[in-house]
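If you read the sequence from its start, that first residue is 1, and numbering goes on from there.
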Amino acid sequence: MRMTRRTTWAALPVLAMLTLAGCSELTPTQTFDQRKGTTRVAELIDQRGDAVRPVTLKTPTSDFYLHMDCIGDDDAEIVVAISGVGEGAVPCSSDSGGGPGLIGLNKVEGDPISTFDVKVSVPKGARWSAAVDVEPAG
(Lines give C-alpha, C1' and ligand atoms only; values in the text may rest on other atoms or scores of the structure.)
Protein backbone atom coordinates (compact mmCIF):
# COMPACT_ATOMS: atom_id res chain seq x y z
CA MET A 1 0.00 0.00 0.00
CA ARG A 2 2.82 2.36 0.78
CA MET A 3 4.29 1.75 -2.70
CA THR A 4 0.99 2.81 -4.30
CA ARG A 5 0.95 6.15 -2.50
CA ARG A 6 4.48 6.96 -3.57
CA THR A 7 3.65 6.16 -7.17
CA THR A 8 0.54 8.36 -7.05
CA TRP A 9 2.40 11.31 -5.56
CA ALA A 10 5.27 10.87 -8.02
CA ALA A 11 2.83 11.15 -10.93
CA LEU A 12 1.33 14.48 -9.80
CA PRO A 13 4.18 16.73 -11.06
CA VAL A 14 4.02 15.01 -14.46
CA LEU A 15 0.25 15.57 -14.67
CA ALA A 16 0.65 19.22 -13.71
CA MET A 17 3.26 19.76 -16.44
CA LEU A 18 1.04 18.10 -19.06
CA THR A 19 -1.90 20.28 -18.05
CA LEU A 20 0.16 23.46 -18.30
CA ALA A 21 1.56 22.44 -21.68
CA GLY A 22 -1.98 22.35 -23.07
CA CYS A 23 -2.62 25.94 -21.95
CA SER A 24 0.02 27.63 -24.08
CA GLU A 25 -0.65 31.18 -25.23
CA LEU A 26 -1.87 31.59 -28.80
CA THR A 27 0.51 33.25 -31.23
CA PRO A 28 -0.13 34.74 -34.66
CA THR A 29 1.28 33.18 -37.82
CA GLN A 30 5.07 32.87 -37.61
CA THR A 31 5.69 32.75 -41.36
CA PHE A 32 3.78 33.72 -44.51
CA ASP A 33 4.17 32.05 -47.91
CA GLN A 34 5.71 34.50 -50.34
CA ARG A 35 3.71 34.96 -53.53
CA LYS A 36 5.38 33.62 -56.67
CA GLY A 37 7.11 36.35 -58.68
CA THR A 38 7.21 38.81 -55.77
CA THR A 39 9.81 40.22 -53.41
CA ARG A 40 9.24 40.34 -49.64
CA VAL A 41 9.89 43.93 -48.55
CA ALA A 42 8.58 43.93 -44.97
CA GLU A 43 7.99 41.24 -42.39
CA LEU A 44 6.97 41.80 -38.77
CA ILE A 45 6.36 38.63 -36.78
CA ASP A 46 4.63 38.20 -33.40
CA GLN A 47 4.36 41.91 -32.57
CA ARG A 48 2.28 43.97 -30.14
CA GLY A 49 1.10 47.54 -30.67
CA ASP A 50 1.04 49.66 -33.82
CA ALA A 51 4.08 49.83 -36.10
CA VAL A 52 5.43 51.81 -39.05
CA ARG A 53 8.20 50.53 -41.34
CA PRO A 54 9.69 52.69 -44.10
CA VAL A 55 10.49 50.83 -47.34
CA THR A 56 12.68 51.88 -50.26
CA LEU A 57 12.73 49.70 -53.38
CA LYS A 58 15.29 49.54 -56.20
CA THR A 59 12.51 48.98 -58.74
CA PRO A 60 9.20 50.89 -58.43
CA THR A 61 5.97 48.95 -58.04
CA SER A 62 2.21 49.33 -58.28
CA ASP A 63 1.30 45.85 -56.96
CA PHE A 64 1.29 45.01 -53.25
CA TYR A 65 0.28 41.86 -51.39
CA LEU A 66 -0.50 42.26 -47.69
CA HIS A 67 -0.29 39.20 -45.45
CA MET A 68 -1.66 39.58 -41.91
CA ASP A 69 -2.80 37.66 -38.86
CA CYS A 70 -4.07 38.91 -35.50
CA ILE A 71 -4.85 37.27 -32.17
CA GLY A 72 -7.15 39.55 -30.19
CA ASP A 73 -10.80 40.39 -29.59
CA ASP A 74 -13.15 38.83 -32.14
CA ASP A 75 -14.79 42.22 -32.85
CA ALA A 76 -11.45 43.92 -33.69
CA GLU A 77 -9.28 43.92 -36.82
CA ILE A 78 -5.71 44.37 -38.00
CA VAL A 79 -5.21 47.07 -40.64
CA VAL A 80 -2.13 47.18 -42.88
CA ALA A 81 -1.72 50.35 -44.94
CA ILE A 82 0.69 51.32 -47.72
CA SER A 83 1.18 55.09 -47.74
CA GLY A 84 -0.19 56.69 -50.89
CA VAL A 85 -1.82 53.45 -52.06
CA GLY A 86 -4.44 52.09 -49.66
CA GLU A 87 -5.04 49.60 -46.88
CA GLY A 88 -6.40 46.17 -46.14
CA ALA A 89 -7.89 44.67 -42.99
CA VAL A 90 -8.80 41.25 -41.60
CA PRO A 91 -10.59 40.40 -38.37
CA CYS A 92 -8.66 39.39 -35.28
CA SER A 93 -9.48 36.08 -33.64
CA SER A 94 -9.51 35.16 -29.96
CA ASP A 95 -8.68 31.56 -30.84
CA SER A 96 -6.65 29.82 -33.51
CA GLY A 97 -9.61 29.63 -35.90
CA GLY A 98 -9.06 32.96 -37.67
CA GLY A 99 -5.87 32.29 -39.57
CA PRO A 100 -3.93 34.63 -41.81
CA GLY A 101 -5.44 36.83 -44.50
CA LEU A 102 -4.05 38.01 -47.85
CA ILE A 103 -5.13 41.19 -49.60
CA GLY A 104 -3.88 42.53 -52.94
CA LEU A 105 -3.59 46.28 -53.53
CA ASN A 106 -2.91 48.05 -56.82
CA LYS A 107 -1.81 51.67 -57.17
CA VAL A 108 -4.11 52.83 -59.95
CA GLU A 109 -3.30 56.55 -60.10
CA GLY A 110 0.06 58.03 -60.99
CA ASP A 111 3.41 56.36 -61.49
CA PRO A 112 4.63 53.26 -59.63
CA ILE A 113 6.33 54.07 -56.32
CA SER A 114 9.63 53.02 -54.79
CA THR A 115 9.39 54.71 -51.38
CA PHE A 116 6.49 54.16 -48.97
CA ASP A 117 5.61 53.35 -45.37
CA VAL A 118 3.98 50.14 -44.20
CA LYS A 119 1.72 51.07 -41.28
CA VAL A 120 0.11 48.42 -39.07
CA SER A 121 -2.74 49.35 -36.72
CA VAL A 122 -4.12 46.88 -34.20
CA PRO A 123 -6.34 46.95 -31.12
CA LYS A 124 -4.70 47.29 -27.72
CA GLY A 125 -3.34 44.00 -26.42
CA ALA A 126 -3.48 42.17 -29.77
CA ARG A 127 -0.58 40.03 -31.00
CA TRP A 128 -0.02 40.13 -34.72
CA SER A 129 2.17 39.29 -37.68
CA ALA A 130 2.27 40.96 -41.10
CA ALA A 131 4.30 40.85 -44.29
CA VAL A 132 4.29 42.79 -47.55
CA ASP A 133 5.27 41.37 -50.94
CA VAL A 134 5.63 43.52 -54.05
CA GLU A 135 5.65 42.75 -57.74
CA PRO A 136 7.99 44.84 -59.89
CA ALA A 137 6.26 47.30 -62.24
CA GLY A 138 6.38 46.48 -65.89
Side-chain angles (χ1 to χ4, degrees):
M1 190 134 158
R2 191 166 238 192
M3 271 301 236
T4 305
R5 285 188 187 160
R6 285 185 187 162
T7 305
T8 302
W9 284 107
L12 287 178
V14 172
L15 289 174
M17 288 180 3
L18 289 173
T19 302
L20 291 174
C23 298
S24 62
E25 188 175 352
L26 293 174
T27 59
T29 300
Q30 300 296 299
T31 182
F32 295 100
D33 292 337
Q34 185 174 334
R35 292 189 48 94
K36 185 177 180 178
T38 66
T39 301
R40 174 83 27 106
V41 298
E43 187 171 51
L44 300 104
I45 302 297
D46 200 2
Q47 304 286 310
R48 291 185 187 265
D50 296 345
V52 177
R53 293 292 184 269
V55 176
T56 301
L57 305 174
K58 292 180 181 177
T59 305
T61 187
S62 294
D63 298 311
F64 302 83
Y65 298 95
L66 315 177
H67 305 266
M68 59 195 93
D69 190 20
C70 177
I71 305 295
D73 293 335
D74 288 332
D75 60 347
E77 64 184 11
I78 178 174
V79 179
V80 178
I82 304 296
S83 60
V85 178
E87 65 184 31
V90 297
C92 293
S93 177
S94 60
D95 58 30
S96 60
L102 172 66
I103 295 174
L105 289 179
N106 297 93
K107 184 176 186 307
V108 293
E109 294 181 14
D111 294 330
I113 59 174
S114 59
T115 303
F116 55 90
D117 288 332
V118 175
K119 181 180 180 185
V120 181
S121 301
V122 294
K124 185 177 182 177
R127 293 177 72 174
W128 58 272
S129 294
V132 178
D133 298 337
V134 299
E135 204 170 283

Q | Separation of S129 OG from I45 CD1 (nearest 0.5 Å) | A | 4.0 Å
Q. Are side-chain N/O atoms of S94 and D74 paired as donor and acceptor at under 3.5 Å?
A. yes
(Q) Surrounding CG of D50 (heavy atoms of other residues, nucleotides or ligands, distance under 6.0 Å), is the total greater than 12? (A) yes
Q.
Using a 3.5 Å distance criterion without hydrogens, assess whether the side chain of S121 forms a donor-acceptor pair with backbone atoms of V79.
A. no
Q. How close do R127 and D46 get, heavy atom to heavy atom, and via which atoms?
A. NH2-OD2, 2.6 Å
Q. Is the side chain of K107 donor-acceptor paired with the backbone N or O of E109 at a distance under 3.5 Å, no angle test?
A. yes
Q: Working to the nearest 0.5 Å, report the span between CG of L102 and CZ of F32.
A: 9.5 Å
Q | Apart from V52 itself, residues in the same hydrophobic cluster as defined by side-chain heavy atoms under 4.5 Å | A | none
Q | Closest non-hydrogen atom pair between L26 and I71, with its separation | A | CB-CG2, 4.1 Å
Q) For E135 and G37, which heavy atoms make the closest approach, and how far apart are they? A) CG-O, 3.9 Å
(Q) Just checking Q30: does its CD atom have more than 12 heavy atoms from other residues, nucleotides or ligands closer to it than 6.0 angstrom? (A) yes
Q. Got a sec, which hydrophobics cluster with V134, joining ILVMFWY side chains under 4.5 Å apart, including via others?
A. V41, L44, V55, L57, F64, L66, M68, I78, V80, I82, V85, V90, I103, L105, I113, F116, V118, V120, V122, W128, V132
Q: Using the side-chain contact (heavy atoms from CB on, under 4.5 Å) rule, take H67 and R35 through it: C-alpha gap first, then chi angles, then the decisive distance, then the call.
A: CA-CA 10 Å; H67 305 266; R35 292 189 48 94; 4.3 Å; yes
Q | Closest contact, heavy atoms only, G72 versus A126 | A | CA-CB, 4.4 Å
Q. Which atom pair, heavy atoms only, marks the closest approach of R40 to A42?
A. CD-O, 3.4 Å
